[in-house]
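In each ligand, atom 1 is the first atom listed, and ligand 1 is the first ligand listed.
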Amino acid sequence: MHVVAAVLRDARGRILLARRTAGRDLAGAWEFPGGKVEPGETALQALDRELHEELGIRVLGAEPLVAVPQAYPSKRIVLDVYSVTAFEGTPRGRERQALAWTPPEKLRDYPMPPADRPVVAALTSPARYL
Ligand code: C5P
């Protein structure tokens, strides 16, 4: 399964996390917002669609940051993470999910899905990650 996720920053450099709601897998975990790439979609189309559905914003520009292969108990995914360089609108939790704008050095305080952890490493200590 191909999953896209966004690193979205505000003007102060804080990064947006979204909390997975009850009833889904990994409920309660804080993730970089995103979701499944549907058949026929490019990764960037999926990123724009997912962020529109979940947050009410449109992605105007994004650059690949890191791709994380992850085996979950019921599926294997590749989490394809993009750094969003420009977006339109103000992110709001449109699916009743909580949002948190988080300084990069505080990202480690949030419980995350396993696939999202290496993204934090890439953001906060790129030298060690490479
Ligand atoms: O959000 P959705 O359930 O469509 O995501 C598909 C799969 O990708 C789920 O297993 C979810 O846990 C995983 N995922 C992830 N990290 C994200 C977004 C989704 O591990 N940031």
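Ranking protein heavy atoms by distance to atom 9 (C) of ligand 1, first place goes to Asp25 OD2, 3.4 Å. Ranking the protein heavy atoms by distance from atom 18 (C) of ligand 1 puts Glu31 OE1, 3.3 Å first. In terms of protein heavy atoms, atom 12 (O) of ligand 1 is closest to Leu26 CD1, 2.9 Å. The closest protein non-hydrogen atom to atom 16 (N) of ligand 1 is Asp116 OD1, 2.6 Å.
Going from atom CD of Glu38 over to atom CD of Gln45 covers 12.0 Å, rounded to the nearest 0.5 Å. Distance check: Leu99 CG to Arg94 CZ gives 12.0 Å after rounding to the nearest 0.5 Å.
Contact atoms of ligand 1 toward Lys75: 9 (C), 10 (O) (distance under 4.0 Å to a heavy atom of the residue). The atoms of ligand 1 that sit less than 4.0 Å from any heavy atom of Val3 are 8 (O), 18 (C), 19 (C). The ligand atoms of ligand 1 that sit less than 4.0 angstrom from a heavy atom of Ala115 are 20 (O). Near Pro113, meaning under 4.0 Å from one of its heavy atoms, ligand 1 places the atoms 20 (O). Near Arg24, with a cut-off below 4.0 Å to any heavy atom, the atoms of ligand 1 are 1 (O), 2 (P), 3 (O).
Only the side chain of Arg20 comes within 4.0 Å of ligand 1, counting heavy atoms alone; its backbone N, CA, C and O stay farther away.
Within the 4.5 Å cutoff, side-chain heavy atoms of Ser83 are placed close to those of Arg9.
For Asp116 (side chain) and Phe32 (main-chain N/O), a donor-acceptor pair under 3.5 Å exists by modelled atom type.
Closest heavy-atom approach to atom 20 (O) of ligand 1 among the candidates Trp30, Tyr72, Phe32: Tyr72. Between Lys36, Glu50, Gln70, it is Lys36 that holds the heavy atom closest to atom 4 (O) of ligand 1.
When the options Val59, Ile57, Leu17, Ile15 are evaluated for a side chain to side chain contact (heavy atoms under 4.5 Å, CB included) with Leu8, the one that passes is Ile57.
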